[in-house]
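Below is one structure, written out as structure tokens; comments come after it.
Only a predicted model underlies this, so the values are computations on that prediction, with no experimental measurement involved.
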Amino acid sequence: MIRYLILIFYFILTAWPCQARDFMVEFVEENYMESQDDDARNPMVYHSLQVRSHSGLKMLVLTGEHPEYRKWLRQYIARDKCFIVKVADNENDTFISSTVFQTDVINVHPFNPQKWTMTGSRMFSEREISQDPAPVIPSSRNILVLDQNTIRSHLIDTVIQRMGYTGTISSDPETALSAFINQPDKFRMVIVNYNIPGMGSEAFIDKLLKLDHKIPILVETGYNNKKRMEKYQSRFSKADTVTVTPVALDRLSQTIHTLARPEKENTFQNAKG
């Protein structure tokens with residue numbers, strides 16, 4: 001009988017739905033970094049928010065493939081520095097005591113979570129968009145981004161948009177190359193991640209340079225890989241417009257400001273033969 005009661009009690013405990021607690025935090029800084037083991041095929045992208053809470057400063061490492069949600073979150077943070085982090089009851093102590101806490105990005109939300117309801121395929125309503133309209137960006141101010149990592153490409157695109165450019169995002173080199181060939185005069189620069197499928201980043205850059213040897217190209221090599229950076233620097237040492245560097249989100253706007261060519265200099269140079 002006692003054993004039977006114990007089993008019932010255990011079943012109730014394990015079947016009881018996990019509750020969550022909301023922690024109010026204040027935004028301090030956004031961070032973006034990337035790391036990759038030498039044997040790993042795909043890099044790990046870390047998007048994190050440094051926040052101030054009642055238990056001190058913390059780094060929230062945001063996981064989950066939710067590009068639209070991330071975009072909405074970054075727009076919200078730009079307007080309001082305070083938000084909520086939803087933490088499961090069994091992780092409360094961990095959140096309070098730790099300085100680094102990993103959570104799915106959808107657990108971070110404004111005070112009114114109803115604002116996060118999805119309308120169609122978007123994470124926010126059309127009414128909310130109209131209240132904060134995006135600036136009208138001239139079609140000739142485009143930056144081509146070739147990257148198969150959706151989290152990283154959306155973060156880069158957000159920086160590009162904040163600078164008044166339009167990001168043309170692609171994960172396929174053939175598609176990206178076609179976009180450039182069709183309207184070469186529309187692009188101010190190109191950002192290429194080293195790890196792309198198909199023809200590969202090196203062949204893609206070679207073809208771009210043959211089409212337009214003056215187009216600024218930023219090759220993103222990932223963090224903590226000196227050999228890879230040296231390889232690309234050596235490979236394109238004779239191309240003055242090719243810059244090889246890890247792309248850090250907090251420095252990306254300055255890098256784009258330095259490299260992107262002015263509109264009047266955006267002349268398509270088609271190689272002959």
Check: Glu91 and Phe101 side chains under 4.5 Å, non-hydrogen atoms: yes

Excluding sequence neighbours, so at least two apart, what forms ring pair (Phe, Tyr, Trp, His ring centres under 6.0 Å) with Phe204? none

Compare all side-chain heavy atoms of Gln148 with those of Asn193 and state whether any distance is below 4.5 angstrom. no

If you round to the nearest 0.5 Å, how far is OG1 of Thr63 from CG of Asn107? 8.0 Å

Do Asn142 and Thr168 have side-chain N/O donor and acceptor atoms under 3.5 Å apart? yes

What is the minimum heavy-atom distance between Asp147 and Ser153, and which atoms define it? CB-CB, 4.2 Å

Side chain to side chain, Leu209 and Thr241, heavy atoms closer than 4.5 Å: yes

By ring pair (Phe, Tyr, Trp, His ring centres under 6.0 Å) - contacts of Tyr232 (at least two apart): none

Would you compute the distance between atom CD1 of Ile191 and atom CG of Leu146 and round it to the nearest 0.5 angstrom? 11.0 Å

In sequence, state the C-alpha distance, the side-chain angles, and the governing distance for Ser234 and Glu230, and then conclude on side chain to side chain donor-acceptor pair (under 3.5 Å). CA-CA 6 Å; Ser234 175; Glu230 291 176 346; over 6 Å; no

Exercise: identify the closest heavy-atom pair between His257 and Met163: N-CE, 3.8 Å

Pairwise distance CD1(Ile169) to CD1(Ile143) - rounded to 0.5 angstrom: 9.0 Å

Quick check for you: to the nearest 0.5 Å, what is the distance between Arg228 atom CZ and Asn195 atom CG? 7.5 Å

Check whether the side chains of Gln254 and Thr258 place a donor and an acceptor atom closer than 3.5 Å, and report yes or no. yes

Do the non-hydrogen side-chain atoms of Gln50 and Met59 ever get within less than 4.5 Å of each other? yes

Would you say Met199 and Tyr194 are hydrophobically clustered, going by side-chain heavy atoms of ILVMFWY under 4.5 Å? yes

Taking every heavy atom of Ser170 against every heavy atom of Ala176, the minimum-distance pair comes out as OG-N, 3.8 Å

Do you know the tightest heavy-atom contact between Pro197 and Pro173? O-CG, 3.2 Å

Would you mind reporting whether Leu218 and Met189 have side-chain heavy atoms less than 4.5 Å apart? yes

Any chance you could lay out the side chain to side chain contact (heavy atoms under 4.5 Å, CB included) test for Thr245 and Val219, step after step, and finish with the verdict? CA-CA 6 Å; Thr245 182; Val219 185; over 6 Å; no

Gly167 versus Ile160, closest heavy-atom pair with distance: N-CG2, 3.8 Å

Mind checking whether Leu208 and Ile181 sit in one hydrophobic cluster, side chains of I, L, V, M, F, W, Y counted as touching below 4.5 Å? yes

Hey, are Lys207 and Asp212 close enough for a salt bridge, meaning a charged N less than 4.0 Å from a carboxylate O? no

Hey, any chance Leu62 and Val28 share a hydrophobic cluster, counting ILVMFWY side chains that come within less than 4.5 Å of each other, even indirectly? no

Answer yes or no: is there a donor N or O on one side and an acceptor on the other, between the side chain of Arg70 and the main chain of Gly64, under 3.5 Å? yes

With the side chain counted from C-beta on, respond yes when Asp89 and Asn92 share a heavy-atom pair under 4.5 Å apart, and no when they do not. yes

With rounding to the nearest 0.5 angstrom, report the NZ to CG distance, Lys186 to Leu144. 15.0 Å

Can we say Asp206 and Arg235 salt-bridge, meaning some charged N sits less than 4.0 Å from an Asp/Glu carboxylate O? yes

Using every non-hydrogen atom in the two residues, find where Pro216 and Arg261 come nearest and quote the distance to one decimal. CD-CD, 3.9 Å

Nearest 0.5 Å, please: how far is CG in Leu252 from CD in Glu220? 9.5 Å

Run the side chain to side chain contact (heavy atoms under 4.5 Å, CB included) test on Ser201 and Ile196 for me, step by step, so that the C-alpha distance in whole Å, both residues' side-chain angles and the decisive distance to 0.1 Å come before the verdict. CA-CA 6 Å; Ser201 56; Ile196 57 173; 3.9 Å; yes

With a distance cut-off below 6.0 Å to the six-membered ring centre and an angular limit of 45° from the axis, does Lys58 pair with Phe95 as a cation-pi contact? yes

Please step through side chain to side chain contact (heavy atoms under 4.5 Å, CB included) for the pair Thr166 and Arg141, ending with a clear verdict. CA-CA 6 Å; Thr166 299; Arg141 291 175 56 82; 5.8 Å; no

How far apart are the C-alpha atoms of Leu73 and Val105, what are their side-chain angles, what is the distance that settles it, and do they pass the side chain to side chain contact (heavy atoms under 4.5 Å, CB included) test? CA-CA 9 Å; Leu73 176 63; Val105 65; 3.9 Å; yes

Do the side chains of Leu57 and Thr99 get nearer than 4.5 Å, heavy atoms only? no

Looking at Arg52 and Glu29, is any side-chain nitrogen of the basic one under 4.0 Å from a carboxylate oxygen of the acidic one? no

Do Leu60 and Ser48 have side-chain heavy atoms sitting under 4.5 Å apart? no

